[in-house]
Amino acid sequence: MDISEILKKVDIKVTDGIVLSKLDGCTDDDIIALITYYNNQGEYVYVIMDGVEVRDYNFQLQYILKKYGRLQQLLGGLPDREISNFLQEFVRIAIKQKPIDRDILIKNFLSIEAVRELGITEKSITDTIEEILANEYKYKKIEAYNELLKKVNRLQEEEEIDIDDKIEFIEGGIKEIKIQDKATSFNDLFKVPTI
């Protein structure tokens, strides 16, 4: 659905973040779409849920709990595939959060009896997230390396540029790639993640 159509079904207040309140005809799916939309713009999002203002990640957690709760009632239990889907959806939400928000979200998630019964631990969640982030950083380094190679190939064709300048360019590019994951993780502390 078009965001402009969804915006007609939501009351929006702008404070130190975006506060979303459902109007008639607004669904949870509409709110999820708006959360994604505003997060992608770097905004903090809050949602009025049962009269209380909650962070977007808590709304998303409640959304997947309701979704899989309905499925569990319908099927008389959750098959392993659906348990895996549930956990994957949670990790997708958690991975997009800043470390402090992620810790709060994980604590809220682990406070749910049904989750504890699965044997899920804070360590298993954080290890999974760290592994995914490490793979993302590695992929970004590979992309940066390939981009540097393209620039070097174009640079070879430039006869007017001094060889020392070419070497300096290459060395600078290599240094950037080597520190990219550290810089990315540090800079991520100051950005609202996108979904």
Side-chain angles (χ1 to χ4, degrees), residues 1-23 25-67 86-110 122 125-148 151 172-173 175-195:
M1 179 179 274
D2 183 29
I3 291 296
S4 61
E5 290 298 314
I6 296 173
L7 290 171
K8 295 175 186 174
K9 300 188 270 184
V10 178
D11 180 43
I12 299 174
K13 291 188 174 83
V14 180
T15 57
D16 58 338
I18 305 292
V19 181
L20 306 173
S21 299
K22 288 182 176 183
L23 297 175
C26 183
T27 65
D28 287 349
D29 290 330
D30 293 335
I31 296 294
I32 295 293
L34 286 175
I35 288 170
T36 302
Y37 174 76
Y38 285 116
N39 281 165
N40 287 340
Q41 293 182 16
E43 298 285 348
Y44 281 100
V45 180
Y46 302 87
V47 180
I48 303 298
M49 193 168 86
D50 299 325
V52 178
E53 188 176 287
V54 298
R55 282 293 306 271
D56 57 339
Y57 55 81
N58 282 323
F59 181 86
Q60 291 173 314
L61 176 58
Q62 291 306 312
Y63 176 83
I64 64 170
L65 288 171
K66 282 192 260 183
K67 174 181 172 180
F86 169 67
L87 295 172
Q88 287 175 11
E89 283 192 49
F90 173 76
V91 168
R92 268 195 293 273
I93 294 167
I95 206 163
K96 303 295 183 191
Q97 306 308 313
K98 290 184 181 183
I100 291 173
D101 293 332
R102 183 180 305 132
D103 287 348
I104 294 168
L105 177 61
I106 291 170
K107 178 182 160 278
N108 292 345
F109 183 68
L110 292 174
E122 183 176 351
I125 293 171
T126 54
D127 286 352
T128 301
I129 290 169
E130 286 174 9
E131 183 179 328
I132 291 168
L133 289 175
N135 287 335
E136 284 181 9
Y137 293 145
K138 183 177 180 179
Y139 180 75
K140 286 179 184 179
K141 277 181 136 176
I142 291 169
E143 282 183 327
Y145 172 76
N146 289 335
E147 189 61 33
L148 178 62
K151 289 178 182 177
K175 284 180 188 173
E176 275 185 44
I177 293 170
K178 284 183 177 180
I179 64 168
Q180 183 169 351
D181 58 340
K182 293 176 188 168
T184 301
S185 60
F186 180 75
N187 288 335
D188 283 349
L189 294 174
F190 300 104
K191 291 191 284 186
V192 174
T194 59
I195 296 179

Original post:
Should the heavy atoms of other residues, nucleotides or ligands under 6.0 Å from CD1 of I100 be counted, would the total exceed 12?
Top reply: no

Original post:
In this structure, are over 12 heavy atoms from other groups packed under 6.0 Å from E143 atom CD?
Top reply: yes

Can you tell if the side chain of [X] reaches within under 4.5 Å of the side chain of [Y], non-hydrogen atoms only?
X	Y	answer
K141	Y145	no
L65	F86	yes
Y63	I31	no
Y38	I12	yes
T128	L87	no
Y57	R102	no
L34	L7	yes
K96	N39	no

Subject >> Smallest separation among heavy atoms of V10 and C26, with atom names >> reply: CG2-SG, 3.6 Å

Original post:
For the atom pair CD (Q88) and CD1 (I93), what is the distance rounded to the nearest 0.5 Å?
Top reply: 12.5 Å

Subject >> Parallel, tilted or perpendicular: ring planes of F109 versus F90, cut at 30 and 60 degrees >> reply: parallel

Subject >> Side-chain donor-acceptor contact under 3.5 Å, T27 with D30 >> reply: yes

Subject >> Side-chain donor-acceptor pair present, D2, S4, cut-off under 3.5 Å >> reply: yes

**OP:** Can you spot which of D50, D11, D28 makes a salt bridge (charged side-chain N to carboxylate O under 4.0 Å, His left out) with K22?
**Re:** D28

